[in-house]
Amino acid sequence: MTTYKGINGFAVQSVATDPTFNEGQVWYNNATYAFKLAALTTSAAWSSGGNMPSSKEGMGGAGTQTAGLGNGGTTGSNSNQTLLYNGSTWTVSPGNMNTARAYCATTGTQTAAISANGNSGSYSTNSETWSGTAWTTTASPSLASGIRAASGTSTAALISGGYSPTYQYNTPEVEAWSGSAWTTVTGLTTARTTGQGGVGTQTTAMVMGGFTYPPSGYRAEVELYNGTSWTNLTSMNTGKRYHAASGSPSSALVYFGSTAPQPGGTAASEIWNGATWTASATGSTGRQSVGGLGNSGTSTAALVFGGAPYSNLTESYLGAGAPVTRTITTS
């Protein structure tokens, strides 16, 4: 009789936790009493995740789909709360931000992030770094602003565009973080608020979408930074604001946000392959002013949380070709 070992040269392993993904691998999970298979998704889709403890909009976000960070935001009053996500459940961290604020630019990981600017009653120059347990106030950016795009790491970040009274709303300004100080660098080609529409590193960053205020259009422009200057890339199919993004300048996902003056938002997403934008899967509940993952997420594994109108919902995105663990059944 043909056996699995006879075909593959080894037996099915029995483990207590699912192993690191390896396409085609089969194993038995002795904790859940189920045979499992590592496979690739065939089509993109959004699915519901664990609800946040409270409803918020304008949160910062960083990390990955299974190790996410959400900070700040507003529930009608600004919050200093830090939330951690493990792939299914949000928990409140005891490490509060030193300054309660919404619409701050956050980038990094669940254990090492930086969060700059935002609205703390007025648009601010606050900046704090996150160690995984506590926030520490750092040197301030030069521009008081909010709704800026963030990319990079906790020690090498870039914050772009935004809403600032200094510019009578829309700013092209971009600032780079060295780990100890902020420096103004070459500005965006198009001045705009950008929100969480940014991915990449400090020297290879991409900013997409946004809006100009007073409202004169929802921006579809996309710009690429090479560490020295900005270049216009192919625009998104649909201009939007207060959206989120995940991935890198060569492979990114833009999702949710607002595409028209309205109290709600959209659940639509677009995917970038380095040359063109293509419509991807649509989530279940349209929202704007959402939290997302930025450059620590990927174009096939994104997370969206919170949003306006005040929401505690979380949705996870798996793109075509993303790894997924499936339970083997007899059906």
Side-chain angles (χ1 to χ4, degrees), residues 21 23 39-49 61-66 68 87 107 149-152 160-161 190 192 194-201 204-211 218-225 230-260 265-307 313-324:
F21 180 82
E23 186 184 1
L40 296 177
T41 54
T42 56
S43 60
W46 289 91
S47 60
S48 297
T64 68
Q65 203 174 61
T66 56
T107 187
S151 56
S160 309
T190 301
R192 51 195 152 133
T194 44
Q196 293 211 51
V199 297
T201 68
T204 309
M206 187 166 74
V207 169
M208 63 287 279
F211 75 105
Y218 288 68
R219 316 308 304 196
E221 291 93 337
V222 178
E223 298 186 43
L224 178 69
Y225 184 64
W230 292 90
T231 303
N232 288 313
L233 300 177
T234 304
S235 293
M236 299 186 301
N237 294 307
T238 304
K240 60 171 56 180
R241 68 175 185 174
Y242 294 138
H243 52 292
S246 291
S248 70
S250 61
S251 180
L253 184 77
V254 172
Y255 46 99
F256 287 70
S258 175
T259 58
T266 179
S269 61
E270 293 187 41
I271 195 163
W272 167 253
N273 65 4
T276 59
W277 291 95
T278 306
S280 189
T282 298
S284 64
T285 304
R287 288 164 276 158
Q288 60 176 312
S289 301
V290 293
L293 298 180
N295 58 285
S296 290
T298 70
S299 61
T300 57
L303 192 72
V304 64
F305 46 94
L313 298 178
T314 301
E315 295 185 47
S316 296
Y317 173 89
L318 282 180
V324 62

Problem - Sequence-distant partners of S48, side-chain hydrogen bond (donor to acceptor under 3.5 Å, both in side chains), two or more places apart - result: none
Handout entry: Given S280, S246, S269, the one that forms side-chain hydrogen bond (donor to acceptor under 3.5 Å, both in side chains) with Y255
Key = S246
Exercise for the section: Please name the pair of heavy atoms, one in Q196 and one in V290, separated by the smallest distance, quoted to 0.1 Å. Expected result: NE2-O, 3.3 Å
Exercise for the section: Return the minimal non-hydrogen interatomic distance between V207 and R192, and the atom names on each side. Expected result: O-NH2, 4.2 Å
Practice task
Give the minimum heavy-atom separation between T194 and H243, together with the two atoms involved.
Solution key: O-CE1, 4.0 Å
Problem - Within residues 277-297 or reaching into it, pairs that qualify as ring-ring contact (aromatic ring centres under 6.0 Å, His included) - sequence neighbours excluded - result: W272-W277
Exercise for the section: Apply side-chain hydrogen bond (donor to acceptor under 3.5 Å, both in side chains) to S43 and list each qualifying residue two or more places apart in sequence or on a separate chain. Expected result: none
Practice task
Return the minimal non-hydrogen interatomic distance between T107 and A150, and the atom names on each side.
Solution key: CB-CB, 3.9 Å
Practice task
List the atom of A275, the atom of T234, and the distance in Å for their closest heavy-atom pair.
Solution key: O-OG1, 3.2 Å
Exercise for the section: Specify whether F256 and W46 have parallel, tilted or perpendicular ring planes, treating 30° as the upper limit for parallel and 60° as the lower limit for perpendicular. Expected result: perpendicular
Completion exercise
Tightest non-hydrogen contact, residues A205 and S151, listed as CB-OG, 3.5 Å
Fill in the blank from the handout: Applying ring pair (Phe, Tyr, Trp, His ring centres under 6.0 Å) to Y225 and not counting sequence neighbours gives W230
Practice task
For Q65 and Y317, indicate whether the former's side chain and the latter's backbone hold a donor-acceptor pair under 3.5 Å.
Solution key: yes
Practice task
Taking S258 for its side chain and Q288 for its backbone only, find out whether a donor-acceptor pair lies under 3.5 Å.
Solution key: no
Handout entry: Any donor-acceptor pair under 3.5 Å from N295 side chain to T201 backbone
Key = no
Handout entry: With T190 via side-chain hydrogen bond (donor to acceptor under 3.5 Å, both in side chains) - residues at least two apart
Key = none
Completion exercise
Sorted by chain and residue number, the side-chain hydrogen bond (donor to acceptor under 3.5 Å, both in side chains) partners of T204 (sequence neighbours excluded) come out as none
Practice task
Quick one: do L233 and M208 satisfy side-chain contact (heavy atoms from CB on, under 4.5 Å)? Show the steps, please.
Solution key: CA-CA 9 Å; L233 300 177; M208 63 287 279; over 6 Å; no
Exercise for the section: Output the distance between atom CG (L303) and atom OG1 (T66), rounded to the nearest 0.5 Å. Expected result: 9.5 Å
Completion exercise
salt bridge (charged side-chain N to carboxylate O under 4.0 Å, His left out) filter on E221, not counting sequence neighbours, yields R219
Handout entry: Counterpart residues, side chain to side chain contact (heavy atoms under 4.5 Å, CB included), relative to A268 (two or more places apart)
Key = T266, T282
Fill in the blank from the handout: Applying side chain to side chain contact (heavy atoms under 4.5 Å, CB included) to S289 and not counting sequence neighbours gives E57, Y103, Y242, A308
Problem - Those residues that, when tested against S251, pass side chain to side chain contact (heavy atoms under 4.5 Å, CB included) (two or more places apart) - result: S248, S299
Exercise for the section: Would you please name every residue forming a side chain to side chain contact (heavy atoms under 4.5 Å, CB included) with T285, sequence neighbours left out? Expected result: R287, L313, E315
Practice task
Quick one: pull up OG1 in T278 and CG in N237 and give me the separation to the nearest 0.5 Å.
Solution key: 7.0 Å
